[in-house]
Number of protein chains: 2
Amino acid sequence: MNKLQLPYDVYDDRCPTRDVLSRLADKWALLVLGCLEKEPQRFNSLRRHIRGITQKMLTQTLRKLERDGLISRKIFPTVPVTVEYSLSPLGKTLTHTMSFLTLWVEDNMDAMLAAQAAFDKANATS
Amino acid sequence: MNKLQLPYDVYDDRCPTRDVLSRLADKWALLVLGCLEKEPQRFNSLRRHIRGITQKMLTQTLRKLERDGLISRKIFPTVPVTVEYSLSPLGKTLTHTMSFLTLWVEDNMDAMLAAQAAFDKANATS
DNA sequence: CTGGATCCGATTAGATACTG
DNA sequence: CAGTATCTAATCGGATCCAG
């Protein structure tokens, strides 16, 4: 596994990895991937599970992730139509990290709230 | 370690974890944390290393991360003033995950470029 | 049910100029 | 060196209406 001299570098603006990083470093993308990690789901199931996401944002996020090959979209010609979203093999190699991030946030929320309070107190000038 | 019944849930849009997640799920925040993982650095060092970041975005990102308690800021009263940014203990528990994300993107860029090309070809209607 | 299309206000980010 | 302040262009995201 040669990892030296990789042609890609996220610290180089002009590198295409920047674009991908921008799309992955997104609140909705994170939540969608975390949601699909549990099980494949349909559009409205995702919408109900991810509180506060609008239909527009969900559609956009799903398209972006599909285009990058992280999720796959299967259409069942029922009436009305049924669409199921699931993680692609590539997507499955990533979701563990993404889910860890959401768990980390939940686990360390108290510490961060305390840090915020301390910061705001120290910077209260008025 | 009781992880059941956590009071926080990122899938709830009224949960404060959503705010934190929005700040962490940010391209610049990711790059800054990844940069600081290697070693504490000064403002202009970060700016040079993270190609394409503007001074404004760097300042904003550093403040956000500092407020959430992920990085610490030390001022040395030299002339001119020297400011060093470093990871806080809390921040250090997170950067491994963040760095993994950037490495993952670099490692899987080829696969995603191929997926993008296939997607665009399939959706080329005009 | 699963979206596409559009309007529009709010937020963001880049560029530029200035400071202790 | 390490920022702050301001202006503006671009983007984002919410709301709404419509459709296969």
Side-chain angles (χ1 to χ4, degrees), chain A residues 13-14 18-32 35-36 40-67 71-86 119 122-126, chain B residues 13-14 18-32 35-36 39-67 71-86 119-120 122-126:
Chain A
D13 56 336
R14 294 185 316 179
R18 272 288 177 88
D19 300 325
V20 174
L21 195 66
S22 306
R23 287 195 288 275
L24 288 182
D26 174 78
K27 177 181 55 174
W28 298 129
L30 259 165
L31 293 174
V32 166
C35 217
L36 288 178
Q41 281 176 68
R42 295 172 39 195
F43 188 85
N44 278 340
S45 171
L46 287 168
R47 176 147 64 155
R48 279 190 301 270
H49 204 90
I50 306 171
R51 315 296 315 189
I53 194 171
T54 61
Q55 167 266 328
K56 180 185 177 182
M57 283 300 100
L58 181 53
T59 300
Q60 279 187 8
T61 304
L62 288 169
R63 289 294 167 280
K64 289 191 306 178
L65 294 175
E66 186 192 1
R67 189 175 109 95
I71 64 178
S72 63
R73 179 170 177 264
K74 284 179 193 158
I75 307 177
F76 299 94
T78 53
V79 179
V81 68
T82 299
V83 180
E84 186 188 76
Y85 292 92
S86 59
F119 182 91
N123 294 55
T125 45
S126 60
Chain B
D13 54 335
R14 292 170 310 178
R18 271 288 176 88
D19 300 325
V20 174
L21 194 66
S22 306
R23 288 194 289 274
L24 288 181
D26 174 79
K27 177 180 55 175
W28 297 130
L30 261 163
L31 294 173
V32 166
C35 217
L36 288 178
E39 55 182 348
Q41 281 176 67
R42 300 180 24 203
F43 188 86
N44 279 339
S45 171
L46 287 167
R47 174 147 69 153
R48 278 189 301 271
H49 203 90
I50 306 172
R51 313 296 316 189
I53 195 171
T54 60
Q55 159 271 340
K56 178 184 175 182
M57 283 301 99
L58 182 53
T59 299
Q60 279 187 9
T61 304
L62 288 170
R63 287 295 168 279
K64 289 191 307 179
L65 294 174
E66 186 192 0
R67 190 175 108 96
I71 64 177
S72 64
R73 180 170 177 265
K74 284 180 194 158
I75 306 177
F76 299 93
T78 53
V79 179
V81 66
T82 299
V83 180
E84 187 188 75
Y85 293 94
S86 58
F119 182 91
D120 292 343
N123 293 55
T125 45
S126 61

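All values below come from the heavy atoms of this structure, side chains included, with hydrogens, waters and symmetry mates left out.
- In this structure, B:W28 and B:M57 approach most closely via the heavy-atom pair NE1-CG, 3.9 Å.
- Between D:dC1 and B:R42, no contact under 4.0 Å exists linking OP1 or OP2 to a side-chain N or O.
- Residues passing the side chain to side chain contact (heavy atoms under 4.5 Å, CB included) test with A:S72 are A:S86, sequence neighbours excluded.
- B:W28 has its CH2 atom 15 Å from the P atom of D:dT11, to the nearest Å.
- Residues passing the side-chain hydrogen bond (donor to acceptor under 3.5 Å, both in side chains) test with A:R48, sequence neighbours excluded: none.
- When the nearest nucleotides of DNA chain D are assigned to A:I53 and A:P80 by heavy-atom distance, the more 5′-ward of the two goes with A:I53.
- Here the CG atom belonging to A:D13 is positioned 5.5 Å from the CZ atom belonging to A:R18, to the nearest 0.5 angstrom.
- Using a 4.0 Å heavy-atom cutoff across all strands shown, A:R73 reaches sugar-phosphate atoms only and no base atom.
- Rounding to the nearest 0.5 Å places CZ of B:F43 at 4.0 Å from CG of B:L58.
- Counting all heavy atoms, side chain and backbone alike, B:I75 lies closest to B:P77 at O-CD, 3.8 Å.
- If you walk DNA chain C from 5' to 3' and mark each nucleotide with an atom closer than 4.0 Å to a heavy atom of chain B, the marks span C:dA13 to C:dT16.
- Residues satisfying the side chain to side chain contact (heavy atoms under 4.5 Å, CB included) test with A:K56, not counting sequence neighbours, are A:T54, A:Q60.
- Proximity of residues 56-65 of chain A to DNA chain D (heavy atom under 4.0 angstrom from any strand atom) is restricted to A:K56, A:M57.
- Taking the salt bridge (charged side-chain N to carboxylate O under 4.0 Å, His left out) definition, one finds that A:R23 meets it with A:D68, sequence neighbours left out.
- Among the atoms of the strands shown, only primed sugar atoms or phosphate atoms (P, OP1, OP2) are found under 4.0 Å from some heavy atom of A:Y85.
- For the pair A:R23 CZ and D:dT11 P, the computed distance is 14 Å after rounding to whole Å.
- For the pair B:D26 CG and D:dT11 C1', the computed distance is 14 Å after rounding to whole Å.
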